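Note that the coordinates shown come from a computational prediction; the quantities given were computed from them, not determined experimentally.
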Amino acid sequence: SYFYAFMASQQGWTPDYYDYEALYEEAQLNWQMSYFALKLEFLYAWLEHIMPSYRMLIITQVTLYTIALYILFYYHIPRKYWIISFVLFWLDYNMLMMSVSAIRSCIVASLFIIAYHLKSLGYRIPPFLLIFMSVFIHKSAILLLPFILIPKHVNKLVLRLIIVLTAVIAAMVFVMPSSFNQALIAFLNESEEFSSYMNYTNAQTLTVTGMMVRLISIICVFFVISVAINNKDKNQHYDDFVFICAIFILLLRIIPNIGSTTRFVNYFGPIVLVCNAKILQMDRTNKSYLYVGV
């Protein structure tokens, strides 16, 4: 309730507050212009149009996000790990402040969490429909579709494929960072919908600190993979989906010169909290606490 009241009453202190307010006012003045400007994301333009005030739009967004977080904590994070998970949530600027600030990303993150919950209950179609709908809120949500199709447990061949892919990406980033970045730009340039993300590819520079972050992230990736391998098919808390989400987020921290990764921290960050809790449940060693601490 404190979180909800604090976030629902925000007044200009979140990074994108006034940008979204301008978009809202534009949608109110000219619905058709807002609709065609957003193109694929017309559902958000429609949401802006029907809201009686910008404050009500924020309240609606925060209500949905709070419900999603409640579901996540109550059903997927054991009570004994609530405090550490909540602390990690508040310490991550991208997961908290940027999520609440970026209304569209926050709505997508909420729907992703709810889709994960329904997926964990054995539903197949409803989770897919939620993510498909979220594509019309923000086009980046289309990249969530493959993840929501991942079963609760995947076969060992898929897990080995993930390990190999992780190793290849990590090696390319360290050995040929410029070549990797050029390949990424070429990929983005091929898609009309995602070409705008090229603006973010040079938002970070490869500094000594950045190299340290990437090295630590690589170590964390392989620790998560090792926990997944050691507990697969023998632990009731095991869930391929949450481990794959965590590996994906860590990989994004490794890849250089991409400034748009914060959006995916919004989406996958809460699921990573579940992953951390599962690691602490399954691997009761100092390494697990060190990993979560890092």
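Aromatic pair F6/W13: centroids less than 6.0 angstrom apart. When ring centroids are compared, Y54 and Y20 stay outside the 6.0 Å threshold. Taking the six-membered ring for Trp and the full ring otherwise, F112 and Y267 have centroids separated by 6.0 Å or more.
In this structure, the side chain of S53 engages the main chain of M56 through a donor-acceptor pair within 3.5 Å. Between the S120 side chain and the H117 main chain, a donor and an acceptor come within less than 3.5 Å of each other. A donor-acceptor contact shorter than 3.5 Å links the side chain of Q61 to the backbone of V100. Put simply, the side chain of S101 gets close to the backbone of D16: a donor and an acceptor are under 3.5 Å apart. Side chain of S288 to backbone of R284: no donor-acceptor contact under 3.5 angstrom is found. With hydrogens and angles ignored, the 3.5 Å screen pairs a side-chain donor or acceptor of N231 with a backbone N or O of V227. Judged by distance alone, the side chain of N230 and the main-chain N or O of S226 form a donor-acceptor pair under 3.5 Å.
Put simply, V242 and L121 are part of the same group of oily side chains (I, L, V, M, F, W, Y) that touch within less than 4.5 Å, one to the next. Note: the hydrophobic cluster containing M7 also contains Y18 (ILVMFWY, side chain heavy atoms under 4.5 Å, direct or indirect links). Residues V87 and M97 are members of separate hydrophobic clusters, defined by side-chain heavy-atom contacts under 4.5 angstrom among Ile, Leu, Val, Met, Phe, Trp and Tyr. When the side chains of ILVMFWY residues are joined at heavy-atom separations under 4.5 Å, either directly or via intervening members, Y81 and L290 end up in two distinct hydrophobic clusters. Clustering ILVMFWY residues whenever any of their side-chain heavy atoms sit less than 4.5 angstrom apart, transitively, puts I244 in the very cluster that holds L149.
Using cut-offs of 30° and 60° for the angle between ring planes, the W90 and F3 rings count as perpendicular. The aromatic rings of F132 and F136 stand perpendicular to each other, their planes meeting at an angle above 60°, with 30° marking the opposite boundary.
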Verify side-chain hydrogen bond (donor to acceptor under 3.5 Å, both in side chains) between Y17 and D19, making sure each step is shown before the conclusion. CA-CA 6 Å; Y17 181 91; D19 291 338; over 6 Å; no
Test log, rule side chain to side chain contact (heavy atoms under 4.5 Å, CB included), inputs I107 and T60: CA-CA 9 Å; I107 294 174; T60 302; over 6 Å; no
Apply side chain to side chain contact (heavy atoms under 4.5 Å, CB included) to the pair V294 and C220, showing each step before the final yes or no. CA-CA 9 Å; V294 170; C220 288; 4.0 Å; yes
Check step by step if side chain to side chain contact (heavy atoms under 4.5 Å, CB included) holds for Y238 and K278. CA-CA 7 Å; Y238 187 88; K278 288 185 180 292; over 6 Å; no
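Residue L72 holds its CG atom at 6.5 Å from CG of L273, rounded to the nearest 0.5 Å. To the nearest 0.5 Å, the span separating CE on M282 from CG on L280 amounts to 9.5 Å. Rounding to the nearest 0.5 Å places CG of L143 at 8.0 Å from CZ of F268. The CG atom of L96 sits 8.0 Å away from the CZ atom of F86 when rounded to the nearest 0.5 Å. The distance from the CD1 atom of I247 to the CZ atom of F222 is 9.5 Å, given to the nearest 0.5 Å. Distance CG/L145 to OG/S134: 7.0 Å, rounded to 0.5 Å.
Other residues, nucleotides and ligands place more than 12 heavy atoms under 6.0 Å from the OH atom of Y4. Heavy-atom neighbours of I125 CD1 from other residues, nucleotides or ligands within 6.0 Å: at or below the threshold of 12. Within 6.0 Å of CG on L91 lie more than 12 heavy atoms contributed by other residues, nucleotides or ligands.
Proximity of I131 to V108: side-chain heavy atoms (C-beta onward) are nowhere separated by under 4.5 Å. The shortest side-chain heavy-atom distance between L88 and D92 does not fall under the 4.5 Å cut-off. F73 places none of its side-chain heavy atoms less than 4.5 Å from the side chain of R79. In this structure, the side chains of I148 and L144 stay at 4.5 Å or more apart for every pair of heavy atoms. No side-chain heavy atom of N266 sits less than 4.5 Å from a side-chain heavy atom of M95. M133 is listed as a side-chain neighbour of L43, based on a closest heavy-atom distance under 4.5 Å. Side-chain contact between L57 and Y44 is present, with heavy atoms from C-beta onward closer than 4.5 Å. Residues V274 and D239 fail the side-chain proximity criterion, which asks for heavy atoms closer than 4.5 Å.
Minimum interatomic distance between I249 and F264 (heavy atoms only, all atoms of both residues): CD1-O, 3.3 Å. The shortest heavy-atom contact between F147 and F241 is O-CE1, 2.9 Å. The minimum heavy-atom distance between P127 and R124, with the atom names listed, is CD-O, 3.3 Å. The two residues W82 and P78 make their nearest non-hydrogen contact at CD1-O, 3.3 Å. The two residues A246 and V272 come nearest to each other via the heavy atoms CA-CG2, 3.8 Å. Closest heavy-atom contact between T63 and I59: OG1-O, 2.6 Å.
Paired with F223 under the rule ring-ring contact (aromatic ring centres under 6.0 Å, His included), one option of Y291, F243, Y289 passes, and it is Y291.
For the residue pair R55 and Q10, no side-chain donor N or O sits within less than 3.5 Å of a side-chain acceptor on the partner.
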